[in-house]
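Before any comments, here is the structure.
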Amino acid sequence: MSDLPFTLDQLRILKAIAAEGSFKRAADSLYVSQPAVSLQVQNLERQLDVPLFDRGGRRAQLTEAGHLLLSYGEKILSLCQETCRAVEDLQSLQGGTLIVGASQTTGTYLLPKMIGMFRQKYPDVAVQLHVHSTRRTAWSVANGQVDLAIIGGEIPSELAECLEVIPYAEDELALILPIFHPFAKLDKIQKEDLYKLQFIALDSQSTIRKVIDQVLARSDIDTRRFKFEMELNSIEAIKNAVQSGLGAAFVSTSAITKELQMGVLRCTPIEGVVVKRTLWMIFNPNRYRSKAAEAFSQEILPQFATPEWNQEMLKLSQQKLMVNTLDGATTNSSEAG
């Protein structure tokens, strides 16, 4: 086959239809007309000689061939984006893009601060922050759609071998109470006091909720004995509910800095218990690493990391330098021969 039976624009259209679920919404997202999208799909199906969509239902459903092409098409488009970014890097940090991923808590309260510091140093670099579940973020890093990420949940086991996963920082979970609650006046409370409280929490199926339950269990706190007053879908909603006197909650200390300064919430310690979870930095060592990502890793991340993270990154840097030196020596030897 001398000529490819598809173009990059056709792959982009296929990806948009799969994501949006309809030809019209895909056309809107790509700022082209619906007839233009339909024509490109028809040409693509004719060139490949297979149907790519089942056209019977209201939603555009991919056929088996469509799923196969989409799978490879996403990899092709990702590699094209990586190529463009590598070329942009030739202009040093006078341009280019940094794409950072994060799970919900780190993306809401930690990463914006980091990105602000980075933008002050490198105002010409375009920065994108993608905030999703830990699982989706990990896959984005593995696929090269995100340069690096800071997450708080568990990495999918199937990605363990292709990602570099390094403990980054400790995130403390605090018990927050309304300022007028009787326990708020105490210097400390006991573990057993927790079972007297009405709690507000995230949905029981959310990743953050599961992580909090696991971390509390390690401190011999049984969340199954908690009396849950309500479940909400965001940390901000939980903080507002606690502030209004509807119950107590466990949240990351990074999420309540402003409220504690304003005196609208009370953070009450528990006798003999410090509840912490590990935040992880992840990146794909087999993907192209832009200069912007290198600068962010070397100049911004160390300011919030544990000493152990800095030591681990130094070790990885030395290993990379050693590999590059050996590769250079092998190349020179081959050329001399």
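Heavy-atom basis, side chains included; hydrogens, waters and symmetry copies ignored.
- Comment: Lys196 engages Asp193 in a salt bridge, judged by a side-chain N to carboxylate O separation of less than 4.0 angstrom.
- A distance of 9.0 Å separates CD of Gln198 from NE2 of His181, quoted to the nearest 0.5 Å.
- Using a cut-off of 4.0 Å between Lys/Arg side-chain N and Asp/Glu carboxylate O, Arg289 and Glu294 are scored as salt-bridged.
- Within 6.0 Å of CD on Glu154 lie no more than 12 heavy atoms contributed by other residues, nucleotides or ligands.
- Cluster annotation: Ile166 is connected to Ile300 through the hydrophobic network of ILVMFWY side chains, with a link wherever side-chain heavy atoms come within less than 4.5 Å.
- Ser71 places no side-chain N or O within donor-acceptor distance of the main-chain N or O of His67, the cut-off being under 3.5 Å.
- Looking at every heavy atom in both residues, Arg119 comes nearest to Val125 through NH1-O, 2.8 Å.
- How far CZ of Phe304 is from CG of Leu111: 9.5 Å, rounded to the nearest 0.5 Å.
- Inter-residue side-chain proximity for Cys267 and Leu175 is flagged as unmet; no heavy-atom pair is nearer than 4.5 Å.
- The pair Asp9-Arg12 counts as a salt bridge, with a side-chain nitrogen and a carboxylate oxygen less than 4.0 angstrom apart.
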For Thr268 and Lys188: C-alpha separation, side-chain torsions, deciding distance, then whether side-chain contact (heavy atoms from CB on, under 4.5 Å) applies. CA-CA 6 Å; Thr268 303; Lys188 293 180 180 178; over 6 Å; no

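- The 12-atom threshold is not exceeded at CZ of Arg136, counting heavy atoms of other residues, nucleotides or ligands nearer than 6.0 Å.
- For the pair Ile282 and Glu164, the minimum side-chain heavy-atom distance is 4.5 Å or more.
- To the nearest 0.5 Å, atoms CE (Met230) and CD1 (Ile238) are separated by 10.5 Å.
- Ion pairing between Glu236 and Lys239 holds under the 4.0 Å rule for side-chain N and carboxylate O.
- Looking only at distances, no side-chain donor or acceptor of Ser140 sits under 3.5 Å from a matching main-chain atom of Val146.
- What you find for Phe250 and Ile270 is that their closest heavy atoms are CZ-CD1, 3.8 Å.
- For the 3.5 Å distance criterion, the side chains of Tyr122 and Glu299 qualify, holding a donor opposite an acceptor.
- Screening Leu159, Leu163, Asn143 for a side chain to side chain contact (heavy atoms under 4.5 Å, CB included) with Asn284, the sole residue that qualifies is Leu163.
- Looking at heavy atoms from C-beta onward, Leu14 lies out of side-chain contact with Phe6 at the 4.5 angstrom threshold.
- Contact of the Val100 side chain with the Leu148 side chain is registered, since non-hydrogen atoms from C-beta on lie closer than 4.5 Å.
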Begin from the C-alpha positions of Val275 and Leu216 and carry the test side-chain contact (heavy atoms from CB on, under 4.5 Å) through to its verdict. CA-CA 6 Å; Val275 185; Leu216 291 173; 3.7 Å; yes

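- Placement of Leu69 and Leu39 in two distinct hydrophobic clusters is found when ILVMFWY residues are connected by side-chain heavy-atom separations under 4.5 Å, directly or transitively.
- Annotation for Ile17 and Ala60: closest pair CG2-CB, 3.8 Å, computed over non-hydrogen atoms.
- Side-chain N or O atoms of Ser252 include one that pairs as donor or acceptor with a backbone N or O of Ser254 at under 3.5 Å.
- The two atoms that bring Gly247 and Ile200 nearest to each other are N-CD1, 3.6 Å, heavy atoms only.
- Within the 3.5 Å criterion, the main-chain N or O of Pro5 finds a donor-acceptor partner in the side chain of Gln47.
- By the 6.0 Å contact criterion, NZ on Lys191 is enclosed, its count of non-hydrogen atoms from other residues, nucleotides or ligands being greater than 12.
- For Glu172, the side chain to side chain contact (heavy atoms under 4.5 Å, CB included) partners at least two apart in sequence or on another chain are Thr253, Val274, Lys276.
- Heavy-atom neighbours of Gln303 CD from other residues, nucleotides or ligands within 6.0 Å: above the threshold of 12.
- Other residues, nucleotides and ligands place more than 12 heavy atoms under 6.0 Å from the NZ atom of Lys185.
- Side-chain contact between Leu62 and Asp54: absent, with no pair of heavy atoms (C-beta onward) separated by less than 4.5 Å.
- With salt bridges taken as basic N to acidic carboxylate O contacts below 4.0 Å, one links Arg209 and Glu231.
- Between Arg135 and Glu158 there is a salt bridge, with a side-chain nitrogen of the basic residue lying less than 4.0 Å from a carboxylate oxygen of the acidic one.
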So Leu301 and Trp309, side-chain contact (heavy atoms from CB on, under 4.5 Å) or not? Walk me through it. CA-CA 9 Å; Leu301 290 182; Trp309 179 85; 3.5 Å; yes

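- Without hydrogens or angle criteria, Arg266 side chain to Ala184 main chain gives a donor-acceptor distance under 3.5 Å.
- Remark: the backbone N or O of Glu74 is not paired with any side-chain donor or acceptor of Ser78 at under 3.5 angstrom.
- Ring-plane geometry between Phe226 and Phe199 is classed as parallel, the angle between the planes falling under 30 degrees on a 0 to 90 degree scale with a further cut at 60.
- Panel note: side chain Thr108, backbone Thr105; no donor-acceptor pair is recorded below 3.5 Å.
- Cluster membership check: Leu77 does not share its hydrophobic cluster with Leu68, using side-chain heavy-atom separations under 4.5 Å among Ile, Leu, Val, Met, Phe, Trp and Tyr.
- Enclosure of atom OH in Tyr72 is not indicated, since only 12 or fewer non-hydrogen atoms of other residues, nucleotides or ligands lie within 6.0 angstrom.
- Leu232 has its side chain out of reach of Leu202: every pair of non-hydrogen atoms, C-beta onward, lies at least 4.5 Å apart.
- For Glu45, the salt bridge (Lys or Arg N to Asp or Glu O under 4.0 Å) partners at least two apart in sequence or on another chain are Arg55.
- By the 4.5 Å heavy-atom criterion applied to side chains, Asn233 and Asp203 are not counted as neighbours.
- For the atom pair Leu186 CG and Glu271 CD, the distance stands at 11.5 Å (nearest 0.5 Å).
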Check the pair Lys15 / Glu20 against salt bridge (charged side-chain N to carboxylate O under 4.0 Å, His left out), numbers first and verdict last. CA-CA 9 Å; Lys15 182 178 178 182; Glu20 300 292 341; over 6 Å; no

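- The heavy-atom pair separating Ile256 from Ala174 by the smallest distance is CD1-CB, 4.1 Å.
- At distances below 3.5 Å, not a single donor-acceptor pair connects side-chain atoms of Asp147 with backbone N or O atoms of Leu98.
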I'd like to know whether Val165 forms a side-chain contact (heavy atoms from CB on, under 4.5 Å) with Phe283, so could you lay out the CA-CA distance, the side-chain angles of the two residues, the decisive distance to 0.1 Å, and finally the verdict. CA-CA 7 Å; Val165 183; Phe283 65 94; over 6 Å; no

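- Listed by chain and number, the residues in a side chain to side chain contact (heavy atoms under 4.5 Å, CB included) with Ala65 are Val50, Leu52, Thr63 (sequence neighbours excluded).
- The hydrophobic clustering, which links ILVMFWY residues whose side-chain heavy atoms are closer than 4.5 Å, places Tyr195 and Val242 together.
- In this structure, Leu8 is a member of the same hydrophobic cluster as Leu48, with clusters built from ILVMFWY side-chain heavy atoms closer than 4.5 Å.
- No donor-acceptor pair under 3.5 Å is formed between the side chain of Thr106 and the backbone N or O of Ala102.
- At least one side-chain heavy atom of Arg277 sits less than 4.5 Å from a side-chain heavy atom of Leu279.
- Pairing each heavy atom of Leu197 with each of Phe183, the nearest pair is CD2-CD1, 3.6 Å.
- Between the side chain of Thr134 and the main chain of Gly153, a donor-acceptor pair closer than 3.5 Å is present.
- Two rings, from Trp280 and Tyr168, have their centers 6.0 Å or more apart.
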